[in-house]
J.: 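Got a structure for you, questions after.
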Amino acid sequence: MQIFSPNMLKTFDECQKKYELRYIQKLNVPQPANVFEKGKKIHALAHYYLRGDNIEKFLPTLTEEENNIWQKLLNNEYFQKQYVNSEYNLTARISDFWIGGRLDAFMKSGSNYYILDYKTGAVPKSPEEDYQTMIYLTCADEILSKGWGTNFKLEFIYIDLKNNLNHIIKYDETKKQTYSEKITQTCSKITTAKTFEKNLNCCKFCEYNKLCF
Ligand code: SF4
C-alpha cells in the first residue's frame, strides 16, 4: 500500500523529476551528517523526556547551543501540555489515497489537542499551506473524530526554537475541505503521471544534479 508523506507531495510540487529519482527509482543521495545532527538530538531527547525516561545521562552530551535550544523547548507552553504521544505515526485515507507521517508530539488540554513540530532550522514559509500541516491535521482529525465526533479542537503548532516563537494553525471545517482537495489533487497528479517533468529552476542546489539526465 502506497502511503503519501508530506515530503513526497512537496518533492513532486518542487520538481517531478526529483520525485521520480527519489521515490520511484529510489535513489538516495547521502547528505552531510551535520545538517541534521542538532535537530535529531533535540527530537530524540524530547521524545525520551515526554515518554517519561530519565534523560539525565543525555544532558552532558549537549553542546551549549543545543542546551539553549533544549531549554527553550522545555519552557514552551505547548510542550508543557498533557502528553498524548510522541514520534507518533498517523495515517488516514483521503478519497482513493493513503496519506501519513510521523508527528513530533501530540499533546492535549481538556478537549483541545495540539500537534507539535519542533524546528531547530527554518519554519515553512507558508505554514498553513505546507503539506506537513495539511497531512498531519487531516490524519489527527480523522483519529479524533472516531472517538469524539466533533467535540474537540485541533491545532498545529510549529515551535520555532531558533527565534523562540510559536506558529499556530487552527483547524476548522474550511481548512478540512481545502486540505482534502489539495492533497487529493496532488496525489491524483502523481498516480496518473506518465512522465515526470524537470523543473530547471531548482537545479542549482539539487542533490540529484549529477544524476539527472
Ligand atoms: S537536477 Fe533539476 S531537474 Fe533534476 S531532479 Fe534536481 S531539480 Fe529536478
Side-chain angles (χ1 to χ4, degrees), residues 1-44 65-66 69 87-104 115-140 156-163 165 167 169 175 177-213:
M1 178 177 75
Q2 170 81 74
I3 299 175
F4 289 103
S5 68
N7 273 341
M8 291 171 83
L9 303 194
K10 263 185 227 181
T11 304
F12 185 81
D13 274 4
E14 185 189 329
C15 174
Q16 296 182 9
K17 184 70 186 172
K18 193 189 243 188
Y19 179 91
E20 184 192 23
L21 293 169
R22 183 178 288 161
Y23 296 109
I24 297 176
Q25 295 190 27
K26 301 199 185 301
L27 296 174
N28 282 315
V29 180
Q31 302 277 306
N34 61 356
V35 173
F36 304 111
E37 199 55 34
K38 186 170 49 188
K40 267 188 183 170
K41 249 176 160 175
I42 298 296
H43 281 73
E65 186 194 5
E66 287 164 348
I69 292 172
E87 297 298 328
Y88 184 31
N89 285 313
L90 290 179
T91 53
R93 194 175 167 90
I94 291 280
S95 182
D96 292 332
F97 309 106
W98 283 95
I99 54 170
R102 178 179 282 210
L103 313 186
D104 287 348
I115 295 169
L116 307 191
D117 194 83
Y118 333 126
K119 293 287 184 204
T120 51
V123 169
K125 280 196 189 111
S126 310
E128 295 216 355
E129 285 123 44
D130 193 89
Y131 282 116
Q132 187 178 22
T133 314
M134 293 196 261
I135 287 183
Y136 289 7
L137 281 169
T138 302
C139 291
F156 191 118
I157 322 288
Y158 283 100
I159 301 181
D160 175 352
L161 294 165
K162 213 160 133 189
N163 302 302
L165 290 172
H167 298 262
I169 298 133
K175 284 203 179 63
Q177 185 66 30
T178 313
Y179 289 177
S180 170
E181 283 169 11
K182 177 66 183 163
I183 292 167
T184 305
Q185 190 188 59
T186 308
C187 292
S188 300
K189 278 193 206 162
I190 294 174
T191 51
T192 55
K194 303 244 182 314
T195 55
F196 292 88
E197 305 291 327
K198 291 181 177 182
N199 179 1
L200 300 177
N201 296 320
C202 295
C203 302
K204 195 170 173 192
F205 300 107
C206 176
E207 65 269 37
Y208 290 98
N209 56 17
K210 291 198 172 61
L211 302 170
C212 182
F213 307 107

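In listed order, ligands and their atoms are each counted from 1. All residue numbers refer to positions in the sequence shown, counting from 1.
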J.: Do me a favour and list the nearest non-hydrogen protein atom to atom 8 (Fe) of ligand 1 with residue, atom name and distance?
T.: Cys15 SG, 2.3 Å
J.: For Lys18, counting its heavy atoms only, list the atoms of ligand 1 lying under 4.0 Å from any of them.
T.: 5 (S)
J.: Could you tell me which atoms of ligand 1, counted from 1 in the order shown, lie closer than 4.0 angstrom to a heavy atom of Cys202?
T.: 7 (S)
J.: For residues Glu87 and His43, determine if any side-chain heavy atom of one lies less than 4.5 Å from a side-chain heavy atom of the other.
T.: yes
J.: Between Cys206 and atom 6 (Fe) of ligand 1, is there a contact where an N/O/S atom of the residue lies under 2.8 Å from the metal?
T.: yes
J.: May I ask you to check whether Glu181 and Gln185 show a side-chain donor-acceptor distance below 3.5 Å?
T.: no
J.: Would you find a donor on one side and an acceptor on the other, under 3.5 Å apart, between the side chain of Gln16 and the backbone of Phe196?
T.: no
J.: Counting each atom of ligand 1 from 1 as listed, which ones have a heavy atom of Cys212 under 4.0 Å away?
T.: 1 (S), 3 (S), 4 (Fe), 5 (S)
J.: Between Tyr136 (side chain only) and Gly100 (backbone N and O only), is there a donor and an acceptor less than 3.5 Å apart?
T.: no
J.: Given side chains that start at C-beta, do those of Glu128 and Lys175 come closer than 4.5 Å, heavy atoms only?
T.: yes
J.: Which residue owns the protein heavy atom closest to atom 2 (Fe) of ligand 1, what's the atom, and how far is it?
T.: Cys203 SG, 2.4 Å
J.: Any idea which protein heavy atom is nearest atom 3 (S) of ligand 1, and the distance to it?
T.: Lys198 CB, 3.5 Å
J.: If you define the side chain from C-beta out and look only at heavy atoms, does anything of Glu207 sit under 4.5 Å from Lys18?
T.: yes
